[in-house]
2 protein chains.
Amino acid sequence: MEKIDGRRVRGDQSRRAVLQRAVQIASTDGLEGLSIGRLALEVSASKSGVATLFGSKEQLQLATVEAARTIFIEAVIAPARGQARGLARVAALARGWLDYSSSRVFEGGCFFLAAAAEFDSRPGTVRDAVAAIMDERDSYFAHAAAVAVERGELAGCDDAEQLAFEITALLDAANSRSLILGSEQPYARALAAVRSRLLHAGGDEAVLSAAGLSR
Amino acid sequence: MEKIDGRRVRGDQSRRAVLQRAVQIASTDGLEGLSIGRLALEVSASKSGVATLFGSKEQLQLATVEAARTIFIEAVIAPARGQARGLARVAALARGWLDYSSSRVFEGGCFFLAAAAEFDSRPGTVRDAVAAIMDERDSYFAHAAAVAVERGELAGCDDAEQLAFEITALLDAANSRSLILGSEQPYARALAAVRSRLLHAGGDEAVLSAAGLSR
């Protein structure tokens, strides 16, 4: 049996507690809005304690991005993996993403869209980490769409990557419009558009409705 | 004849020069990245001189948002107004917006998408100003689409606002994906999708191609 190091366990718990708060702050005020001093204040820890856990501000930002990725996977990717491969999974991904955004898993809406907008013109390791996760998400959607096409469930689609681009564009617009306009309507618009796009590509209406993409 | 006040003219020129730089800085580093000290350094003016022109940081941010609006109108809206009302104008708006984004009129891509992402969770006058301009743009697209529908140029469309939501979603995704992934491909994807969406809604292929939405 492995011997558990008490200090290390407490360190991991502290890290997790700080990161839970950090992802929320970053989603509303940006990753640049994170500071070791502010986090220490918010989680009632000492500044030197938080500094020991993360080191530099950049390391804190990178750890926050990674913590947000874990939350995103649990909220959107894992439930979709519970659906059958193919169209059902594409629909579940879209529906799950809309729910993840509208339920404000992150107080400031999708963490990665906020982080991408903040860092897309600032070269460095944080930008690279955010870009890699955005690419990972887009690739996951594209792969799911490609499987649906291969299985003959989207007979009208000859370019799964294009379809995935269009679906994620609609999802992202729902997030950004909802936040800046303070309205729920963009989610209904995005849902209707994704449903219509998948129907137009030959998707089965019953499969879409079962996955929550109903009229 | 109106008597021109020399000091006022110089003040207006200085304001314009500072704002030309401010919109670029804000598009890459955010409106929070603007400071009177940094701007003074970049335009080789004194800090007190720039402070006199703008007053507070918030007033500087609001003046920057307004200056960006003027640049956006000149780049996207004015050329589209030169096109016939209806489908030609909808297509010109979409094409013009993609060119405005991809040619980096603002170094950090669309100024307003960056500003909206930065301020959508921060209540206040800056957020309200950005929200009003986003709403203005979306309404302009929706109005142009409604005119095209009324003129019978989009016979397959029964909801111009929905159509406008979908088109602007695709345009915005091209901007954000291009920036974070460092690729031109999202512009080609968005152009193909907008063209396809308008064709599907009954748009005339010749009108779309004439406006630059060609395959």
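Naming: A, B, ... by sequence-line order, numbering from 1 per chain.
Most heavy-atom pairs under 4.5 Å with chain A: of the set B:Ala190, B:Ala188, B:Ser176, this distinction falls to B:Ala190. Of the listed residues (B:Asp159, B:Leu163, B:Ile180, B:Asp128), the greatest number of heavy-atom pairs within a distance under 4.5 Å of chain A belongs to B:Ile180. When A:Ala131, A:Ala117, A:Ala192 are compared by the number of non-hydrogen pairs under 4.5 Å with chain B, A:Ala131 comes out ahead. Between chain A and the residues B:Leu171, B:Val130, B:Thr168, the largest count of heavy-atom pairs under 4.5 Å involves B:Thr168. Ranking B:Asp172, B:Leu179, B:Leu113 against chain A, the residue ahead of the rest is B:Leu179, based on heavy-atom pairs under 4.5 Å.
Of the residues listed (B:Tyr140, B:Tyr100, B:Phe111), the one engaging B:Phe72 in a ring-ring contact (aromatic ring centres under 6.0 Å, His included) is B:Tyr100, and it is the only one.
Checked for salt-bridge contact, A:Asp135 and B:Arg177 miss the test: no charged N lies under 4.0 Å from a carboxylate O. The pair B:Arg189-A:Glu166 fails the salt-bridge criterion, with no side-chain N (NZ, NE, NH1 or NH2) lying under 4.0 Å from an Asp/Glu carboxylate O. Between B:Arg69 and B:Glu66 there is a salt bridge, since a side-chain N of the basic residue sits under 4.0 Å from a carboxylate O of the acidic one. With respect to B:Glu32 and B:Lys57, a salt bridge is recorded, a charged nitrogen being found less than 4.0 Å from a carboxylate O.
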Give the intermediate values and the outcome of side chain to side chain donor-acceptor pair (under 3.5 Å) for residues B:Ser178 and B:Arg104. CA-CA 11 Å; B:Ser178 157; B:Arg104 302 287 187 252; 2.8 Å; yes

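Heavy-atom distances place no part of B:Asn175 under 4.5 Å from chain A, backbone and side chain included. B:Arg122 touches chain A through its side chain: at least one heavy atom from C-beta onward sits under 4.5 Å away, while N, CA, C and O do not.
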